[in-house]
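The structure under discussion appears below in the form of structure tokens.
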Protein chains: 2
Amino acid sequence: MKPNRIKLSDVADAAGVSAATVSRALRNPDIVSQKVRERIQFVIDELGYVPDPAARALASARTDVIGVLIPSVTNSVFADVLRGIYSAAEGTSYRIQLGNTRYSVLEEEKLLKVFLSQRPAGLIVTGIDQSAASRAMLLKAECPVVQIMETGDRPVDMMVGFSHREGAFAATCHLIENGYKRIAFLGARMDPRTQRRLEGFSQALREAGLLDERLIVTTPRPSTVTLGSELLGELLARAPDADAVFCNNDDLALGVLFECQRRRIAVPDELGICGFNDLEMMAVANPAITSVRTFREEMGGRAFELLLGSLNGAPVGEGIVDLGFELVRRESTRRSALN
Amino acid sequence: MKPNRIKLSDVADAAGVSAATVSRALRNPDIVSQKVRERIQFVIDELGYVPDPAARALASARTDVIGVLIPSVTNSVFADVLRGIYSAAEGTSYRIQLGNTRYSVLEEEKLLKVFLSQRPAGLIVTGIDQSAASRAMLLKAECPVVQIMETGDRPVDMMVGFSHREGAFAATCHLIENGYKRIAFLGARMDPRTQRRLEGFSQALREAGLLDERLIVTTPRPSTVTLGSELLGELLARAPDADAVFCNNDDLALGVLFECQRRRIAVPDELGICGFNDLEMMAVANPAITSVRTFREEMGGRAFELLLGSLNGAPVGEGIVDLGFELVRRESTRRSALN
DNA sequence: TTGACAAATGAAAGCGCTTTCATTTTTCTA
DNA sequence: TAGAAAAATGAAAGCGCTTTCATTTGTCAA
């Protein structure tokens with residue numbers, strides 16, 4: 001059963017040194033003489049020695065695991081963030097351990113417990129709305145923690161994100177400026193970030209005296225392109241005079257666009273469409289769809305770098321990074337004639 | 001630094017039993033008397049004991065880690081597979097460790113080595129085109145292995161997938177049957193699965209005497225919706241008489257559709273479009289796009305279940321699962337008048 | 001050259017579990 | 001009720017590393 005796997009002591013024997021020296025050559029090469037270090041490296045290559053992470057973790061009371069908690073593996077927004085994380089992790093000795101919370105704070109709590117039991121080197125968690133129990137666990141975790149996707153006061157440790165509220169606010173102002181009067185909100189899933197986008201939306205319209213609650217259509221269902229089509233149908237049944245929609249995200253926006261094509265509703269003249277996140281396809285849709293670009297891959301990368309810095313004893317503080325957003329104006333909101 | 005974390009022996013002391021018994025109560029409850037078992041459970045809850053996975057791994061020479069190797073975290077195809085895996089893993093004691101090979105066999109080799117060093121409980125790898133070294137490692141791995149996404153002879157251990165060749169063949173036949181004569185292939189990334197789709201495509205056209213190599217447009221670039229638009233442009237520049245495109249995947253197909261809308265090319269009459277994978281948005285596009293549905297989430301789920309079965313000592317053999325595919329005919333290939 | 005100090009190395013004690021083997025307790029059969 | 005077999009438990013030896021502390025080796029100024 002147990003194969004004759006090469007272990008540290010085998011290397012030590014073959015190199016004619018003690019196990020301690022081999023361990024040091026691996027963990028802390030500087031304190032081993034060059035001659036010995038090279039001999040050890042040679043033997044390691046020769047024998048194909050690979051350290052056992054479990055043994056190392058047990059002996060040193062720490063691992064090279066970075067735990068990452070995201071609400072969904074299929075949502076491309078998080079996929080982008082993940083890619084950023086994996087890219088940044090490339091070449092380091094850290095391993096990513098992914099947890100899928102499915103947008104559930106309870107699930108998050110459970111996963112956090114499991115992750116923490118492994119003594120992770122660091123933790124990346126999504127959002128700022130952890131349960132009290134989760135927050136408590138994070139606060140007393142003996143590793144650096146980065147909250148991503150949003151910024152806010154009260155960080156557990158570090159943060160990298162942007163303001164969804166402001167992003168939505170900016171997008172809505174843009175619609176208002178372009179002369180739209182009956183601006184609707186289409187929202188799915190309604191997770192905390194979506195809620196804050198709705199706040200930004202509402203605020204902009206309220207300030208312009210244009211807010212009409214009947215133009216807000218939301219559902220707890222996860223957002224899909226199909227759902228975008230459906231929600232537009234609902235909206236128009238309820239308020240046929242809507243002249244623009246701000247979609248909680250790009251999937252919905254695309255669904256709205258398809259539905260407009262189907263119903264022969266002219267975009268942007270009869271209906272303006274604005275999405276959120278600026279997925280790649282927004283630019284190539286017909287017409288191209290206005291969206292709020294977010295820097296998802298960079299967010300993942302920065303989160304990992306923050307962790308790394310903290311692990312290398314970088315000065316703490318300066319732990320909140322606001323990546324901002326960028327309103328990308330495209331045809332879908334470019335009205336040819338202002339009404 | 002080292003906090004007074006509760007350990008097994010603390011539980012044992014508090015429960016008035018030996019450490020061995022606590023360990024058994026955790027790993028193998030049946031062999032501990034009910035009375036003792038309940039007492040131990042009570043103490044565990046009381047103290048909030050959480051086992052240290054590193055210690056367990058070291059002592060038992062195995063972990064509860066299932067390693068998963070996929071070529072991309074952003075490609076929604078793999079995201080779907082992942083979701084299937086995570087769903088199936090839900091409730092089991094296994095942890096998923098994700099590795100991103102970035103479509104590189106060398107990267108795969110490196111990750112495999114890292115994963116194997118952890119003595120994983122099981123391994124899920126993508127595709128059947130591992131390097132010789134990777135294959136060797138997999139063959140002598142002391143854990144069950146499932147290859148996903150494709151079927152083939154020569155499985156390392158178990159397999160769950162489908163035939164990309166046949167999927168593409170069926171789709172192409174469908175185009176031929178619908179009267180298209182100048183059928184093009186648009187392919188991006190050109191990974192092994194894409195290659196096999198191209199084979200299926202070519203075979204169908206060859207059999208029909210319609211194959212024209214000039215209608216095959218490929219690029220090593222990763223596929224995106226934008227790229228679909230671009231490739232259509234390339235195709236039409238090269239062969240303006242193309243009357244249908246089989247797209248290597250749905251992203252490209254969507255890009256093609258947008259480009260058609262832009263160029264006022266009538267779909268399906270002037271140009272038929274067929275995608276691959278049948279992403280959710282295919283059905284709601286305008287017109288709805290014909291695609292080859294694949295069962296990605298189920299694939300992930302089955303892969304995990306196969307692993308689980310094998311770990312629970314299920315009868316080996318029967319390790320190749322072909323999930324098939326389903327050609328979903330939609331408007332984008334429904335010609336109103338046969339030419 | 002010598003002594004003092006720094007650098008390099010080794011010996012050995014764990015890290016927190018699992019597991020074998022031995023021992024005790026319980027259950028069952030005759 | 002005795003005796004044997006089964007069930008339950010405990011003692012103790014590791015699993016493969018890291019790390020402290022002690023020791024040896026090397027370096028340099030006097």
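Chain identifiers are assigned alphabetically (A, B, ...) following the order of the sequence lines, protein sequences preceding nucleic acid strands; residue numbering begins at 1 within each chain.
Rounded to whole Å, atom P of dG16(D) lies 4 Å from atom NZ of K7(A). Atom CD1 of I40(B) and atom P of dC17(C) are 13 Å apart (whole Å). One interatomic measurement links the two molecules: CD of Q34(B) to P of dT25(C), which rounds to 21 Å at whole-angstrom precision. Between R56(B) atom CZ and dC17(C) atom C1' there is a gap of 8 Å when expressed in whole angstrom units. If you measure from atom CD of E38(B) to atom P of dA8(D), you get 14 Å, rounded to the nearest angstrom. When the P atom of dT19(C) is taken as reference, atom CZ of R27(B) falls 9 Å away, rounded to whole Å. We find that CG of L58(B) is positioned 9 Å from P of dC15(D), with the value rounded to whole Å. Note: CZ (R5(A)) to C1' (dC17(D)) measures 12 Å, nearest angstrom.
Side chain of S131(A) to backbone of S134(A): a donor-acceptor contact under 3.5 angstrom is found.
Residue V36(A) places its side chain closer to dT9(C) than to any other of dG10(D), dT9(C), dG16(C). Across dT19(D), dA8(C), dG10(D), the shortest atom-to-atom separation from the side chain of R24(B) is found for dG10(D). Candidate nucleotides dG16(D), dG10(D), dG16(C) were compared by shortest atom distance to the side chain of S18(B), and dG10(D) ranks first. Of the candidate nucleotides dG10(D), dG16(D), dG10(C), dG10(C) has the atom nearest to the side chain of A20(A). Among dT9(D), dC17(C), dC17(D), the nucleotide with an atom closest to any side-chain atom of A59(B) is dC17(C).
Ion pairing between a basic and an acidic side chain is recognised when a charged N comes within 4.0 Å of a carboxylate O; R83(A) and E297(A) show such pairing.
Counting all heavy atoms, side chain and backbone alike, Q97(A) lies closest to I96(B) at NE2-O, 3.4 Å.
Residue R37(A) is out of contact with every strand shown, counting any heavy-atom pair closer than 4.0 Å. S33(B) comes within contact range of the sugar-phosphate backbone alone, with a heavy-atom separation under 4.0 Å but no base atom that close.
For the pair R189(A) and Y103(A), the cation sits on the ring face: its NZ or CZ lies under 6.0 Å from the ring centre, inside 45° of the axis.
Side-chain N/O atoms of S104(A) and T101(A) include no donor and acceptor closer than 3.5 Å.
Taking for each of D30(B) and A55(B) the nucleotide of DNA chain D with the nearest heavy atom, the 5'-most of the two is the partner of D30(B). The nearest heavy atom of DNA chain C to Y49(B) and to T21(A) marks one nucleotide each, and the one closer to the 5' end goes with T21(A).
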